[in-house]
Amino acid sequence: MSLGRPSQAVFLQPPAATSAPFANRPSPVTSVTVHPIALFSILDHYLRRDEKQDRVIGTLLGSRQDGEVEVKSAFAVLHAETTERVAVDMDYHRTMLELHQRINPREVIVGWYSTGANLNTYSALIQGFYQHETAPHPAIHLSLDTDATDGQLGVKTYLSAPVGVTPKLENCVFTPVPCTLRYTNVEKGGLDLLTNAASSSTHLAHPEREMEELEKAITDVVGMLDRVLTYVQAVLKGERKGDPAIGRYLLDTLSAEGPALGRKGAEALMGSQLQDTIMVSYLASLVRSQVEVSSRLALVT
């Protein structure tokens with residue numbers, strides 16, 4: 001994407017005077033977690049870029065808590081780079097931010113992303129701009145290697161630190177921060193669908209039906225329960241040494257559904273949810289049939 005003449009781009013030039021984006025910084029971030037939706041948005045932006053663009057940049061949105069930054073989504077930002085300067089469309093950035101916060105008001109700017117394996121000379125200037133946007137918190141920089149130089153898509157996150165006696169935007173060093181991928185149950189379903197489609201020799205014309213997805217989910221749950229039951233029985237028989245961490249995790253998981261749920265209660269809960277799913281699927285089929293009949297009658301008349 002190019003900026004074009006009507007764009008209200010602001011050219012980022014190294015300031016002559018001392019800037020203070022690094023002043024009064026809070027405690028450094030200890031870890032960063034990234035959700036798949038953010039990575040998919042970055043890849044989509046890269047695939048839709050102009051052919052002359054070597055890399056694309058954008059804004060990262062998420063949350064912060066106890067030294068951990070969670071990147072939940074991202075959106076593209078128009079920019080242009082030459083050998084002499086870099087231009088970032090700040091008006092476009094703030095308009096997109098306002099639209100995103102109308103949908104998810106709890107998400108705030110946590111940093112920015114770029115594609116490519118290496119940081120170039122303008123990365124420090126762009127980092128300085130996002131430092132102002134995230135102040136007083138530090139801005140996270142996420143680098144996505146779309147060229148797969150290591151045989152896979154490399155995701156790296158960085159923090160910036162000032163260098164020199166007089167801190168300036170262009171004088172900083174990027175230090176890596178541990179980064180992990182985290183996904184919710186809803187996102188896991190989408191990832192499983194993409195993984196199955198990539199590994200399958202036949203192309204899926206459409207996603208699987210609701211009942212097929214429910215059947216797979218139930219099969220997965222049954223498999224997990226069998227693994228847990230095998231582990232618990234082995235520990236009770238003394239065949240395997242118990243892990244306190246696993247025990248606490250199982251206790252917390254079972255307590256989340258109620259301590260007095262029991263087997264009959266679990267079966268009743270599963271049965272009611274299954275009936276609701278079947279009813280919704282049945283009603284959806286009725287609505288689909290009604291729409292098809294109405295459309296055919298409209299063509300006849």
Nearest-0.5 Å distance, CG of residue Asn104 to CG of residue Leu61:
8.5 Å
Test side-chain contact (heavy atoms from CB on, under 4.5 Å) on Ser41 and Phe75; report intermediate values, then the result.
CA-CA 7 Å; Ser41 299; Phe75 63 84; over 6 Å; no
Reported CZ-to-CG distance for the pair Arg49 and Asp44, which is rounded to 0.5 angstrom:
12.0 Å
Quick one: salt bridge (Lys or Arg N to Asp or Glu O under 4.0 Å) partners of Arg227, sequence neighbours excluded?
none
Trace of the side-chain contact (heavy atoms from CB on, under 4.5 Å) decision for Tyr130 with Ile109
CA-CA 8 Å; Tyr130 278 95; Ile109 301 177; 4.3 Å; yes
Under 3.5 Å donor-acceptor, Tyr122 side chain and Arg85 backbone
yes
What's the spacing between Leu181 CG and Leu39 CG if we round to 0.5 Å?
6.5 Å
Any chance the rings of His93 and Phe129 have centres within less than 6.0 Å?
yes
In terms of relative ring orientation, are His141 and Tyr158 parallel, tilted or perpendicular, with 30° and 60° separating the classes?
parallel
Set of side chain to side chain contact (heavy atoms under 4.5 Å, CB included) partners for Arg64, sequence neighbours left out:
Val69, Val108, Val110, Thr134, His137
If you count every heavy atom of other residues, nucleotides or ligands that lies below 6.0 Å from Asp66 atom CG, does the total exceed 12?
no
Specify the closest pair of heavy atoms between Ala38 and Val71, including all atoms of both residues, with the distance to one decimal.
CB-CG1, 3.9 Å
Side chain proximity check, Ser73 to Glu107, heavy atoms < 4.5 angstrom
yes
Do Tyr113 and Ile42 pass the side-chain contact (heavy atoms from CB on, under 4.5 Å) test, and can you show the C-alpha distance, the side-chain angles, and the key distance before you say yes or no?
CA-CA 8 Å; Tyr113 69 81; Ile42 298 173; 3.7 Å; yes
Is Ile126 close to Trp112 at the side-chain level, that is, under 4.5 Å between some pair of heavy atoms?
yes
Calculate, to the nearest 0.5 Å, the distance between atoms CD and CZ belonging to Gln101 and Arg94 respectively.
12.0 Å
May I ask you to test the Leu236-Gln233 pair for a side-chain heavy-atom distance under 4.5 Å?
no
Just wondering, do Phe174 and Leu159 contact through their side chains at under 4.5 Å, heavy atoms?
no
For the CG atom of Asp91 and the OG1 atom of Thr95, what is their distance to the nearest 0.5 Å?
6.5 Å
Begin with the C-alpha distance, continue with both residues' side-chain angles, and end with the deciding distance and a verdict on side-chain hydrogen bond (donor to acceptor under 3.5 Å, both in side chains) for Gln127 and Ser160.
CA-CA 8 Å; Gln127 177 74 6; Ser160 62; 3.1 Å; yes
Could you report the tightest heavy-atom contact between Thr157 and Cys179, atom names first, then the distance?
OG1-CB, 3.4 Å
Working to the nearest 0.5 angstrom, can you tell me the gap between Asp243 CG and Arg248 CZ?
8.0 Å
For Glu81, is there an ion pair with Lys52 - N to carboxylate O distance below 4.0 angstrom?
no
Side chain of Ser31, backbone of Val177: donor and acceptor closer than 3.5 Å?
no
Is the backbone of Gln53 close enough, under 3.5 Å, to the side chain of Asp50 for a donor and an acceptor to pair up by distance?
no
Pair Arg182-Glu70, side-chain contact (heavy atoms from CB on, under 4.5 Å): steps then yes or no
CA-CA 9 Å; Arg182 177 183 300 173; Glu70 188 173 1; 3.9 Å; yes
Are any non-hydrogen side-chain atoms of Ile57 and Val88 less than 4.5 angstrom apart?
yes
Is Leu144 close to Tyr46 at the side-chain level, that is, under 4.5 Å between some pair of heavy atoms?
no
Are any of the side-chain heavy atoms of His100 and Pro105 separated by less than 4.5 Å?
no
Quick one: does Val32's side chain get under 4.5 Å of Val34's, heavy atoms only?
yes
Which is it for Thr30 and Glu68 under the side-chain hydrogen bond (donor to acceptor under 3.5 Å, both in side chains) test, yes or no, and what are the steps along the way?
CA-CA 6 Å; Thr30 57; Glu68 179 182 350; over 6 Å; no
Around atom CD of Glu239, are there more than 12 heavy atoms of other residues, nucleotides or ligands at under 6.0 Å?
yes
